[in-house]
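Heads up, the thing below is written out as structure tokens.
Note on naming: letters A, B, ... go to the chains in the order of the sequence lines (proteins, then strands), and numbering restarts at 1 for each one. Computation of the quantities below employed the complete heavy-atom set of this structure, encompassing side-chain atoms and omitting hydrogens, waters and symmetry-equivalent molecules.
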Amino acid sequence: MSFQLYISRLKCLFRNKEAMFWCYLFPIMLASCFFFAFNNLWKMEYFETLPIAYVSEGEEDKTFTQVLEAATADEGVKMFDITYSDEATAKQMLDEGEIDAYILGNTKPELYVKASGLNETIIKSFLDTYRQMSTTVTAILQKNPNAINEGLLEDVMAHNTYLEAVKNDKKPAELLVYFYSLLAFTCIFAGNWGLDEVVNIQANLSGRGARVSVSPIPKMKLFLCNILAAFTAHMGSLLLLFFYMYYVIKIDFGNNLMYLFAVCMVGSFAGLGLGAFIGVWVKKKAEVKEAILSVVTLGGAFLSGMMMPEIKYMVATKFPVLSYINPVNLLTDAMYSLYYYDNYDRFYINILLLGIIAFSLGILSIVGLRRKSYASI
Amino acid sequence: MQVFKTYFKIIKTQIVSILIYAGLFLALTILFTSNIGESNDQFEVKKVPVMVLNEDGENDLIRGFLSYLEGYVTYVEPKEGEAAIRDALYYREVSYILTIPKGFSESFLNGGVVNLIKQTAPDSMEAITIDTAIDNYFNIAKVYQGHMPEASTNEISEYVKANLQEQTQVHLNAEQKDAFVSGNSQNKFYFNYLGYIIIAVFIASISTVMFSYHGLDIRRRHYASPITSKNMNGQLIFANLIFIMIYLVMFIIAGYVLNKNRAININTILFWLNAFTFALVTLSISYLIGISVKSKKAISALSTAVSLGLAFLSGMFVPQEYLGAPVLKVASFMPAYWFIKANEEIEILTSTSWSQISRIASFMAIQLGFAAAIISIALVVSKRKRQQIS
């Protein structure tokens with residue numbers, strides 16, 4: 001019998017097109033948007049050749065211009081697109097935005113820019129490196145004139161790296177933060193389903209609630225079956241999202257996939273609990289309940305830094321308590337901690353707190369739902 | 001003018017979502033643009049907070065290196081314990097942690113393989129500058145060491161430092177045209193984002209009204225009324241145009257006031273014209289959605305999905321130059337792509353010559369083409385619905 005109830009509720013949920021859209025389709029759509037929009041953002045191969053002008057004072061320094069012409073970015077993209085001109089033209093081009101900067105002079109080139117930005121910084125550091133190298137060569141040749149035959153120039157041009165990242169298994173993954181937020185938000189979205197379950201079972205909230213109240217099924221049994229159905233359906237949406245992220249757009253979650261999934265399970269449960277709690281304890285119209293739920297979840301998301309990352313750190317340092325009772329923050333924090341920390345201490349603390357919150361919300365909802373009967377409604 | 005009046009009565013029911021979008025948009029604009037517009041007098045290399053964990057002890061090489069690195073970073077006091085170090089990174093006290101492992105100096109001087117270890121926040125874009133600065137130092141030190149074998153570590157440090165102090169002199173070319181440039185760039189930013197707001201708000205509001213007018217019973221009632229269908233449609237079109245004009249003018253004024261380098265010139269007027277063109281396209285999309293959906297809830301879903309989808313793919317949130325070529329190919333089949341492209345051209349427009357303006361005009365024409373195509377589809381849908389009645 002319970003199984004029958006569970007199945008019919010599941011059918012009910014899957015036929016609710018609106019809920020299906022928001023939980024199944026919308027996260028996948030957002031994930032695709034993030035993927036398409038941000039994927040190239042951190043890749044150097046999309047480096048664009050910088051337009052600059054070179055103004056020689058008197059004799060042109062051939063070595064320098066050769067170096068400028070030969071410079072390439074990582075993937076063989078030319079670094080500079082050089083126009084040779086006189087100063088007045090260069091100035092005009094700079095004003096009109098045709099070039100990012102112009103270089104004036106020979107042995108000690110000077111840089112003329114319009115603003116300080118990323119491109120200007122790149123040009124400056126390139127020039128710095130050139131100047132430093134040529135000074136190095138001059139200085140060494142003074143002391144050791146034979147160095148040129150000992151491969152000095154090759155050594156100067158050789159570029160070794162003396163740095164390595166702390167962990168080889170965790171590459172910097174700027175994009176991950178967005179996907180973590182998306183997962184967290186999908187979890188908390190279960191709140192709408194929890195609310196719906198309460199509305200559907202309370203006689204004073206909906207016609208269907210009134211109908212099931214007169215049926216011989218014990219209310220708690222029905223409620224638990226329904227919540228379980230909602231949990232199943234919602235986990236289905238998370239599974240689909242995971243599947244999509246992992247196999248279709250191939251997001252690298254490292255070794256943390258199972259942990260992430262565990263967070264999502266607890267998160268989905270917490271979301272349902274939150275929705276049910278608001279449904280039971282806010283004694284207002286269904287629309288008001290929905291509005292309050294949206295405010296709570298969006299507010300929670302805001303405080304956990306989904307809209308502005310700084311907010312998260314401000315809350316954590318100024319009002320630490322708030323960050324420990326905000327379920328959205330606990331969710332995202334648990335996910336970020338997988339990335340930042342080697343051990344799982346922080347992760348377990350978050351999960352534990354989230355579990356406690358979910359459990360208390362569930363218990364409080366059940367307490368509110370119990371023993372309500374109406375002689376006539 | 002009953003139809004006209006009713007139109008605005010229905011729009012009123014959507015006022016909350018219209019105001020929320022508008023308010024959020026203006027708040028974000030104010031927040032973001034408070035940083036633009038202030039022109040600095042000096043060219044500055046941004047300094048990054050860095051924590052250095054020196055496990056190798058003090059020596060000339062490291063001392064020289066750290067004093068060099070100071071030109072690029074600000075040092076943050078090292079913390080005790082693994083957890084505290086991670087926390088510093090986690091809470092963004094630092095965005096780069098550099099560990100000098102034990103034996104690094106010795107390994108470096110003797111050609112060993114011990115490397116420095118770095119740890120960065122995943123979303124720190126500045127890390128790459130520091131990487132370069134660090135590698136530069138050690139690369140040059142290596143050259144000195146190789147070709148001046150008799151020099152001591154101390155001497156090498158001195159040489160490298162002196163070499164690396166060689167900096168390119170930078171002149172900031174600040175002229176009065178600066179205001180023109182930053183005014184335009186702020187306008188571009190503003191109108192690109194406005195595109196998203198226009199889609200979200202117009203679909204939510206206009207589609208709702210159109211939906212209300214296209215219910216089967218309502219239409220039957222209309223056909224029985226003395227107002228001709230032509231009259232009614234005329235009033236609806238008029239009301240739609242008035243609505244988008246009011247909304248646009250509000251934002252055009254807000255954008256003008258919020259721009260510190262405000263000026264009315266050909267660029268500004270083209271920005272306005274382009275926004276109006278795009279509003280017409282969005283109006284046609286909203287109309288199509290309004291007459292084809294079956295429930296009001298579907299409208300809010302479509303409003304969110306279409307606005308976010310178009311905004312992400314056509315470069316409203318992330319500039320088009322950062323989007324991959326395949327994404328742009330797909331996006332070029334969407335009107336929003338041409339809206340953004342026109343805005344980008346308007347930003348760098350410097351003259352009123354037709355050769356420059358004609359490109360922008362062609363982008364607007366493409367948008368109008370989209371509008372015409374969408375309206376034709378809407379007319380077909382509308383015709384089908386009319387046949388349904390009898």
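Between A/F36 and B/F312, the gap from one ring centroid to the other reaches at least 6.0 Å.
The choice from B/I140, B/L116, B/T304 that makes the most heavy-atom pairs within less than 4.5 Å of chain A is B/L116. In terms of non-hydrogen atom pairs under 4.5 Å with chain B, the most contact-rich of A/T135, A/I103, A/L127 is A/T135.
Here the closest heavy-atom approach between residue B/G309 and residue A/C33 is recorded as CA-SG, 4.0 Å.
Taking OG1 of A/T136 as the start and OH of B/Y144 as the end, the distance is 4.5 Å to the nearest 0.5 Å. Here the straight-line distance linking atom OH of A/Y162 with atom CZ of B/F65 works out to 12.0 Å at 0.5 Å rounding.
With a 4.5 Å cut-off on non-hydrogen atoms, B/F108 touches chain A through its side chain but not through its backbone. Looking at B/I97, there are no atoms closer than 4.5 Å to chain A (heavy atoms on both sides), in backbone or side chain. Heavy atoms closer than 4.5 Å to chain A are found in both the backbone and the side chain of B/L308.
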Would you tabulate the side-chain donor-acceptor contacts of residues 17-31 of chain A under 3.5 Å, counting partners in other chains and residues two or more places apart, or write 'none'?
{"residue": "A/Y24", "atom": "OH", "partner": "A/A233", "partner atom": "O", "Å": "2.6"}
{"residue": "A/Y24", "atom": "OH", "partner": "A/S237", "partner atom": "N", "Å": "3.2"}

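The side chain to side chain contact (heavy atoms under 4.5 Å, CB included) test applied to A/N192 returns A/F189, A/L293, not counting sequence neighbours.
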